[in-house]
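Report on the structure given below.
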Amino acid sequence: MNTEERRACIEELIKEKKELDVNFIKDRFSVSSVTVRNDLMYLERKGVVKRLFGKAVLRDDRISGGFDPDEVENLEFKEKIGKFAATLIEENDSIMLYTGTTTMQVARQLDESKSIIAVTNSIYIAHELRRFSRVKPVLIGGNLSVDTGATYGVQAIKQLEQYNIDKLFLSLDGIDADSGITNNHPYETDLNFALIQAARQIIVIADHSKIGATHFVHMGSIEDVDILVTDTKAPADKIEAIRAKGVTVYQV
């Protein structure tokens, strides 16, 4: 049985039994503690389970859709980026988590001890935020993209204009010192501009595949960006060019 098959079996078992002991999984599949931990971490990222001491329990509060780890490129890097980006959030901050697979990782890594307001235009991120007792989630309304679970349009912009956002965490398709920040979704353009205007600090979170890339829709100039959080595989020359434009860059 390979890794994919074993994880599928564990998922089916936990859906059936609601919770599984770690030692039971070890014995059932004749694997090590490290392997069990990795399997359960995978299922936790997928949103299937919640890991507790010595066991894993079924998460029964999920909604269908969202970001399946099997369909997310560079997930390992995005998890590291999300974990670091979450440390930039301070007590009583108001933040905006723009829809995206990397911003989802920020949502999952929030510090449960901090009281914050978290605004998002993603129904999946909003649902994730429900786990945190001290987070006040605010979901932007408007038109809904069935493909991405993200809201956009005139009503979304009007709602956003009422808020003062301390930190915008922006997931995108490309960031480059010359062409600025770009994405592939024309219908999001007006909302992108409104977000940048509403936020005091713009934090771009992007894995190495986005660094130096330029896409169809221009979201803003590189001067609009305050901080870039990326990973260590990002091309050094592109990073230095972005730094030269006054952007603070963290590689994790």
Side-chain angles (χ1 to χ4, degrees), residues 74 77-78 81-82 84-86 88-89 93-107 117-122 125 138 140 142-143 145 147-231 234-235 237-252:
N74 299 320
F77 296 105
K78 291 178 180 182
I81 291 167
F84 179 85
L88 301 176
I89 301 169
D93 267 350
S94 58
I95 67 170
M96 171 74 192
L97 296 170
Y98 186 67
T99 185
T101 53
T102 312
T103 40
M104 173 62 86
Q105 299 307 318
V106 179
I117 298 172
V119 183
T120 186
N121 68 323
S122 166
I125 291 176
V138 178
I140 298 290
N143 300 320
S145 167
D147 293 334
T148 65
T151 58
Y152 66 97
V154 174
Q155 294 303 317
I157 293 169
K158 284 184 177 180
Q159 184 179 346
L160 186 63
E161 288 172 348
Q162 301 175 42
Y163 303 144
N164 293 310
I165 305 296
D166 292 316
K167 296 179 174 96
L168 164 63
F169 291 88
L170 187 59
S171 183
L172 38 65
D173 294 317
I175 177 169
D176 180 76
D178 296 321
S179 56
I181 51 179
T182 56
N183 72 19
N184 282 319
H185 305 288
Y187 65 83
E188 297 178 7
T189 303
D190 291 341
L191 181 59
N192 293 152
F193 291 147
L195 284 168
I196 290 171
Q197 292 299 315
R200 295 187 179 92
Q201 188 175 50
I202 314 299
I203 302 171
V204 170
I205 48 176
D207 68 75
H208 61 272
S209 68
K210 314 295 176 58
I211 309 304
T214 300
H215 292 272
F216 180 63
V217 179
H218 179 72
M219 298 167 65
S221 69
I222 196 67
E223 285 78 15
D224 290 320
V225 180
D226 297 297
I227 294 173
L228 167 64
V229 184
T230 186
D231 59 75
D237 59 331
K238 301 296 183 181
I239 291 295
E240 287 310 309
I242 291 170
R243 279 200 175 104
K245 295 286 188 175
V247 179
T248 299
V249 180
Y250 297 103
Q251 290 183 267
V252 296

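The basis for the numbers below is simple: all heavy atoms, side chains too, and nothing from hydrogens, waters or symmetry mates. Heads up: numbering here begins at 1 and tracks the sequence.
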**Asked** According to the salt bridge (charged side-chain N to carboxylate O under 4.0 Å, His left out) rule, which pairs have a member within residues 148-164, sequence neighbours left out?
**Response**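 Applying salt bridge (charged side-chain N to carboxylate O under 4.0 Å, His left out) to every pair that reaches into residues 148-164, excluding sequence neighbours, yields nothing.
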query = Hey, are N121 and T151 close enough side-chain-wise for a donor-acceptor pair under 3.5 Å?
reply =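 No, N121 and T151 have no side-chain donor paired with an acceptor closer than 3.5 Å.
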Which heavy atom in [X] sits nearest to a heavy atom in [Y], and how many Å separate them?
X	Y	answer
A177	I222	O-CG2, 3.5 Å
G220	D224	CA-OD2, 3.5 Å
A213	D176	O-CB, 4.1 Å
I196	M219	CD1-O, 3.4 Å
H218	T189	O-CG2, 4.4 Å
N74	S209	ND2-OG, 3.7 Å

[Y] and [X], any side-chain heavy atoms less than 4.5 Å apart:
X	Y	answer
P235	I211	yes
V138	Q159	yes
T103	S122	no
V106	I95	no
F193	I157	no
Y163	I117	no
I239	L228	yes
H185	V217	no

Requested in this report: Take H215 and N183, measure what side chain to side chain contact (heavy atoms under 4.5 Å, CB included) needs, and give me the verdict at the end.
Outcome: CA-CA 5 Å; H215 292 272; N183 72 19; 5.7 Å; no
Can you say whether the rings of H208 and F77 are parallel (under 30°), tilted (30 to 60°) or perpendicular (over 60°)?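 It falls in the perpendicular class, over 60°.
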Measuring from atom [atom1] of [X] to atom [atom2] of [Y], what distance do you get when rounded to the nearest 0.5 angstrom?
X	Y	atom1	atom2	value
I205	D231	CD1	CG	12.5 Å
Q155	I140	CD	CD1	11.5 Å
K245	S221	NZ	OG	9.0 Å
N184	L172	CG	CG	10.5 Å
M96	K167	CE	NZ	15.5 Å
T214	D178	OG1	CG	8.0 Å

Please lay out, stage by stage, how I81 and V252 fare under the test side chain to side chain contact (heavy atoms under 4.5 Å, CB included).
CA-CA 6 Å; I81 291 167; V252 296; 4.1 Å; yes
Checklist entry - So, the side chain of T248 versus the backbone of I227: is there a donor-acceptor pair under 3.5 Å, distance only? => result no
Practice task
State whether the side chain of D166 and the backbone N or O of S94 hold a donor-acceptor pair below 3.5 Å, judged by distance alone.
Solution key: yes
Exercise for review: Inspect the surroundings of CZ in F216 and state if more than 12 heavy atoms from other residues, nucleotides or ligands are less than 6.0 Å away.
Suggested key: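 No, the 6.0 Å shell around CZ holds no more than 12 heavy atoms from other groups.
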- Message: Go through it in stages, so that I can follow the logic: the residues are Y98 and L191, the test is side chain to side chain contact (heavy atoms under 4.5 Å, CB included), and I'd like the CA-CA distance, side-chain angles, deciding distance and then a yes or no.
- Response: CA-CA 10 Å; Y98 186 67; L191 181 59; 4.1 Å; yes
Open item on the list: For I202, run the side-chain contact (heavy atoms from CB on, under 4.5 Å) check against I165, L168, I181 and tell me which one passes.
Closed with: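 When I165, L168, I181 are each tested with I202, the side-chain contact (heavy atoms from CB on, under 4.5 Å) holds only for L168.
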